[in-house]
Amino acid sequence: KLTDYQDADDLIRKIDAIFTQLDADGAGGLDFQEFEQGIQRMPGSRIHMTKDDFEIITEYGNLLGANGQFNMKQFRVMMQNELFRYARRGLGNVLSESQNNEFKQPVLMLKM
């Protein structure tokens with residue numbers, strides 16, 4: 001599970017393993033089509049990736065090379081950004097659910 005990492009090196013290894021799994025042709029790059037098809041092949045995947053979604057996660061192409069593909073390093077950056085956003089959403093949910101003001105203050109600081 002990607003969110004169960006021990007340290008930064010472990011997270012990078014896990015992200016790299018996902019990249020390798022998604023890179024079906026082994027060419028070292030992922031365009032929208034290969035990325036979307038790779039996600040669908042992943043066990044238990046319920047993710048539906050649209051071209052608009054791809055534009056957002058690639059920061060409107062800023063995380064892609066001139067060929068319109070992720071390389072492994074760009075994929076790492078995207079995945080780390082997505083994990084950060086995922087964690088922030090989780091903290092936001094905790095804040096909205098909690099009735100304890102003493103608990104809310106440190107969670108808000110973590111979210112910032």
Side-chain angles (χ1 to χ4, degrees):
K1 192 173 173 184
L2 188 59
T3 56
D4 295 337
Y5 59 91
Q6 301 300 313
D7 55 28
D9 290 336
D10 186 38
L11 177 59
I12 288 171
R13 278 190 297 277
K14 289 179 182 216
I15 291 172
D16 288 355
I18 293 169
F19 180 87
T20 301
Q21 182 179 3
L22 295 175
D23 185 18
D25 63 7
L30 293 173
D31 62 9
F32 168 72
Q33 184 176 5
E34 190 173 20
F35 182 69
E36 194 269 335
Q37 289 173 352
I39 288 172
Q40 295 306 312
R41 286 191 311 271
M42 293 180 80
S45 176
R46 295 176 292 166
I47 299 170
H48 175 71
M49 178 68 54
T50 66
K51 188 71 170 165
D52 288 339
D53 296 329
F54 190 74
E55 288 292 315
I56 292 168
I57 67 170
T58 63
E59 298 177 8
Y60 300 93
N62 289 324
L63 293 177
L64 301 176
N67 59 359
Q69 297 183 345
F70 285 117
N71 62 29
M72 189 174 283
K73 184 176 179 183
Q74 293 160 325
F75 184 78
R76 285 179 193 158
V77 171
M78 181 276 296
M79 290 295 289
Q80 289 170 327
N81 290 345
E82 289 302 305
L83 281 171
F84 178 75
R85 286 190 272 274
Y86 173 78
R88 286 191 62 169
R89 284 191 304 273
L91 288 171
N93 291 339
V94 167
L95 277 172
S96 67
E97 300 278 327
S98 177
Q99 302 300 316
N100 182 336
N101 285 334
E102 289 181 33
F103 178 72
K104 282 184 175 185
Q105 291 172 350
V107 171
L108 179 60
M109 293 305 293
L110 286 171
K111 188 174 183 214
M112 296 174 82

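Using a 4.5 Å heavy-atom cutoff, the side chains of Ile57 and Met49 are in contact. In this structure the side chain of Thr58 never reaches within 4.5 angstrom of the side chain of Phe35, judged on heavy atoms. Counting only heavy atoms from C-beta outward, the side chains of Ile15 and Met72 never approach each other to under 4.5 Å.
In this view, Glu82 and Arg85 satisfy the salt bridge (Lys or Arg N to Asp or Glu O under 4.0 Å) rule, not counting sequence neighbours.
In terms of modelled atom types and a separation under 3.5 Å, the side chain of Asp23 and the main chain of Gly28 share a donor-acceptor contact. Proximity of a side-chain donor or acceptor of Gln80 to a complementary backbone N or O of Phe75 within less than 3.5 Å is not detected. Side-chain atoms of Gln74 come within 3.5 Å of backbone atoms of Asn71 as a donor-acceptor pair (strictly under, hydrogens ignored). Put simply, the side chain of Gln21 never gets that close to the backbone of Gly38: no donor and acceptor are under 3.5 Å apart. The closest donor-acceptor contact from the side chain of Glu34 to the backbone of Asp25 lies under 3.5 Å.
In this structure, Arg13 CZ and Asp7 CG are separated by 6.5 Å, a value rounded to the nearest 0.5 Å. Atoms CG and CZ, on Leu63 and Arg76 in that order, are 13.5 Å from each other to the nearest 0.5 Å. In this structure, the separation between CG on Leu11 and CG on Asp4 is 11.0 Å, given to the nearest 0.5 Å.
There is no path of hydrophobic side-chain contacts, each under 4.5 Å, that joins Tyr86 to Met78. Hydrophobic clustering, with ILVMFWY side chains joined whenever heavy atoms are under 4.5 angstrom apart, groups Leu64 together with Leu22. Under the 4.5 Å side-chain heavy-atom criterion for Ile, Leu, Val, Met, Phe, Trp and Tyr, Ile39 and Ile56 are members of distinct hydrophobic clusters. Val77 and Phe19 end up in the same hydrophobic cluster when Ile, Leu, Val, Met, Phe, Trp and Tyr side chains are linked at under 4.5 Å.
Side-chain contact, Thr50 with Asp53: a donor N or O sits under 3.5 Å from an acceptor N or O.
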Evaluation steps, side-chain contact (heavy atoms from CB on, under 4.5 Å), between Glu59 and Asn81: CA-CA 10 Å; Glu59 298 177 8; Asn81 290 345; 3.0 Å; yes

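Within a 6.0 Å sphere centred on CZ of Arg46, heavy atoms belonging to other residues, nucleotides or ligands number 12 at most.
The aromatic rings of Phe54 and Phe32 sit perpendicular, their planes meeting at an angle over 60°, well past the 30° parallel limit.
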